[in-house]
Amino acid sequence: MRIDKLLANMGYGTRKEVKKILKSGVVRIDAQPVKDAKTHVDPEQQEVTVFGEAVEYKEFIYLMMNKPQGLISATEDQNDTTVIDILQPEDSIFEPFPVGRLDKDTEGLLLITNDGKLTHQLLSPKKDVGKRYYALIDGEVTEDDVLAFQAGVTLDDGYKTKPAELTILQSGEESEIELVITEGKFHQVKRMFESVGKTVTYLKRMSMAGLELDEDLEPGEYRELNDEEINFLYEQTGQKSE
């Protein structure tokens, strides 16, 4: 990797700004001064320092966000604020993207990464990765609904969903439920309840692939996953982290 690309990726500025830093002579590779922006470096094998401080290189970034209502699960949007728009510059510089999507008015766990391999595995229909939601329902959710979801319900476009695990937490005029699905069709949870004559009034994703939302994260807050969590996600998809 070129030294200017490495430093730019690690947040030391734009390519133009990085070239100025290099010309000043404060960048070293294995203690040797480097001024040529085209110089190649292996960050896994060589030590890069700027002003005497080691550059901690990482290729991928893995974030857990408690997505608030009102944000779009996309990298960019002309009309609405996206989940990427609220990232700090030192994180957005990695050009991450959301793993799947949560509706604009849905809260909860959203993974954001630039690891395309892991993203593909988490979203692959073949993997049957479970996603658990908490929801408030306008209407009385019954055991008949539990059985219907277990068998798979037919959505408004004729698609029959895979079996889903519906748990009734409280049933009444307004019901509280948890639902585990292994698909990610557009507005799927809302459409599943519409198929049994009920309306979702509040929806929050609590977990994905067995990784639970950090309860310390307020809506709009996020943090990096630790190594244990990253390895756990890879294990859930039958992969090994690199």
Let me check something: any side-chain donor-acceptor pairs from residues 102-109 under 3.5 Å, sequence neighbours excluded? List them with distances.
| residue | atom | partner | partner atom | Å |
| --- | --- | --- | --- | --- |
| Asp103 | OD1 | His187 | ND1 | 3.2 |
| Asp103 | OD2 | His187 | ND1 | 2.7 |
| Asp103 | OD2 | Lys190 | NZ | 3.4 |
| Lys104 | NZ | Asp80 | OD1 | 2.8 |
| Asp105 | OD1 | Lys190 | NZ | 2.7 |
| Asp105 | OD2 | Lys190 | NZ | 3.3 |
| Glu107 | OE1 | Tyr202 | OH | 2.8 |
| Glu107 | OE2 | Gln69 | NE2 | 3.2 |

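Both Phe60 and Val99 are members of a single hydrophobic cluster when ILVMFWY side chains are connected at heavy-atom separations under 4.5 Å. Two different hydrophobic clusters hold Met206 and Ile181 under the rule that ILVMFWY side chains link at heavy-atom gaps under 4.5 Å. Linking ILVMFWY residues whenever their side-chain heavy atoms come closer than 4.5 Å, directly or via other members, places Leu71 and Ile112 in the same cluster. Criterion: ILVMFWY side-chain heavy atoms under 4.5 Å apart, direct or through other members. Under it, Ile84 and Met65 are part of a common hydrophobic cluster. Hydrophobic clustering of Ile, Leu, Val, Met, Phe, Trp and Tyr side chains at less than 4.5 Å, counting indirect connections, keeps Ile177 apart from Val180.
Of the possible donor and acceptor atoms, one in the side chain of Glu229 sits under 3.5 Å from a partner among the backbone N and O of Asn226. Side chain of Ser207 to backbone of Gly210: no donor-acceptor contact under 3.5 angstrom is found. For the pair Asn9 (side chain) and Leu6 (backbone), a donor-acceptor distance under 3.5 Å is absent. Put simply, the side chain of Glu17 gets close to the backbone of Thr14: a donor and an acceptor are under 3.5 Å apart. Of the possible polar contacts, one joining the Asn114 side chain to the Ile61 backbone as a donor-acceptor pair under 3.5 Å is found. With hydrogens and angles disregarded, no donor-acceptor distance shorter than 3.5 Å links the side chain of Ser195 to the backbone of Leu155. A donor-acceptor contact shorter than 3.5 Å is absent between the side chain of Gln150 and the backbone of Val146.
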Requested in this report: Verify ring-ring contact (aromatic ring centres under 6.0 Å, His included) between Phe149 and Phe193, making sure each step is shown before the conclusion.
Outcome: CA-CA 9 Å; Phe149 278 38; Phe193 277 98; 5.0 Å; yes
Query raised in the report: Is there a side-chain contact (heavy atoms from CB on, under 4.5 Å) between Asp214 and Met64 once you walk through the steps?
Result: CA-CA 8 Å; Asp214 188 332; Met64 173 193 293; 3.7 Å; yes
**Report entry** Verdict with reasoning, Tyr62 to Leu118, per side-chain contact (heavy atoms from CB on, under 4.5 Å)
**Finding:** CA-CA 10 Å; Tyr62 303 88; Leu118 179 61; 3.8 Å; yes
**Report entry** Tyr57/Glu44 under side-chain contact (heavy atoms from CB on, under 4.5 Å): CA gap, chis, key distance, verdict
**Finding:** CA-CA 8 Å; Tyr57 173 76; Glu44 302 290 345; 4.0 Å; yes
Requested in this report: Assess whether side-chain contact (heavy atoms from CB on, under 4.5 Å) is satisfied between Leu7 and Val50, documenting all intermediate values.
Outcome: CA-CA 9 Å; Leu7 294 177; Val50 179; 3.9 Å; yes
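Across every non-hydrogen atom of Pro219 and Pro68, the tightest pair is CB-CB, 3.9 Å. The two residues Glu140 and Ser175 make their nearest non-hydrogen contact at CA-OG, 3.5 Å. The heavy-atom pair separating Leu179 from Met192 by the smallest distance is CD2-SD, 4.3 Å. Contact record, Lys160 with Ala151: CE-O, 3.5 Å, taken as the closest heavy-atom pair. Between Leu203 and Ala135, the shortest heavy-atom contact is CD1-CB, 3.8 Å. The shortest non-hydrogen separation linking Ile168 to Val141 is CD1-O, 3.5 Å.
Within 6.0 Å of CG in Asp227 there are 12 or fewer heavy atoms belonging to other residues, nucleotides or ligands. The number of heavy-atom neighbours closer than 6.0 Å to CD of Glu90, taken from other residues, nucleotides and ligands shown, is above 12. For Glu212, the CD atom sits in a packed shell: over 12 heavy atoms of surrounding residues, nucleotides or ligands are nearer than 6.0 Å. In Glu224, the CD atom is crowded: over 12 heavy atoms of neighbouring residues, nucleotides or ligands sit closer than 6.0 Å. Atom NZ of Lys23 has 12 or fewer heavy atoms from other residues, nucleotides or ligands within 6.0 Å.
With a 4.5 Å cut-off on side-chain heavy atoms, Leu169 and Glu178 count as touching. Counting heavy atoms from C-beta on, the side chains of Asp36 and Leu22 never come closer than 4.5 Å. Using a 4.5 Å cut-off on side-chain heavy atoms (C-beta onward), Met1 and His40 make no contact. Two residues are said to be in side-chain contact when any heavy atoms from C-beta on lie closer than 4.5 Å; Thr82 and Ser73 fail this criterion. For the pair Thr182/Lys127, no side-chain contact is recorded, criterion being any heavy-atom separation below 4.5 Å from C-beta on. Annotation: side chain of Val27 is in contact with side chain of Ile21 (closest heavy-atom distance under 4.5 Å). Between Pro98 and Thr75 the shortest side-chain heavy-atom distance falls below 4.5 Å.
For the atom pair Lys19 NZ and Lys35 NZ, the distance stands at 16.0 Å (nearest 0.5 Å). Going from atom CD of Glu235 over to atom CD of Glu228 covers 9.0 Å, rounded to the nearest 0.5 Å. Taking CE of Met208 as the start and CG of Leu122 as the end, the distance is 5.0 Å to the nearest 0.5 Å. Note: Leu136 CG to Thr201 OG1 = 4.5 Å, rounded to the nearest 0.5 Å. Considering CD1 of Ile137 and OG1 of Thr199, their distance stands at 8.5 Å, rounded to 0.5 Å. With values rounded to the nearest 0.5 angstrom, Arg132 atom CZ is found 11.0 Å from Leu211 atom CG.
Under the 3.5 Å distance criterion, with hydrogens and angles disregarded, no donor-acceptor pair is assigned to the side chains of Asn66 and Tyr222. Side-chain contact annotation: Gln188 with Glu183, donor-acceptor N/O pair under 3.5 Å present. Checking Glu176 against Tyr134 by side-chain atom types alone, a donor-acceptor pair falls below 3.5 Å.
Taking the centre and axis of the six-membered ring of Tyr159, the NZ or CZ atom of Lys185 falls inside the cone set by 45° and 6.0 Å.
Comment: Arg28 does not engage Glu53 in a salt bridge, judged by the lack of any side-chain N to carboxylate O separation of less than 4.0 angstrom. A salt bridge links Asp156 with Arg191: the distance from a Lys NZ or Arg NE/NH1/NH2 to an Asp or Glu carboxylate oxygen falls below 4.0 Å. With respect to Asp145 and Lys198, a salt bridge is recorded, a charged nitrogen being found less than 4.0 Å from a carboxylate O. Between Asp4 and Arg2 there is a salt bridge, since at least one side-chain N of the basic residue sits less than 4.0 Å from a carboxylate O of the acidic one.
Among the candidates Leu111, Val129, Thr113, Asp115, the single residue satisfying the side chain to side chain contact (heavy atoms under 4.5 Å, CB included) test with Leu233 is Leu111. When each of Leu87, Asp91, Val83 is paired with Pro96, the side chain to side chain contact (heavy atoms under 4.5 Å, CB included) condition holds for Leu87 and for no other.
Proximity of the aromatic rings of Tyr12 and Phe51 is defined here by a centroid distance below 6.0 angstrom, and this criterion is not met.
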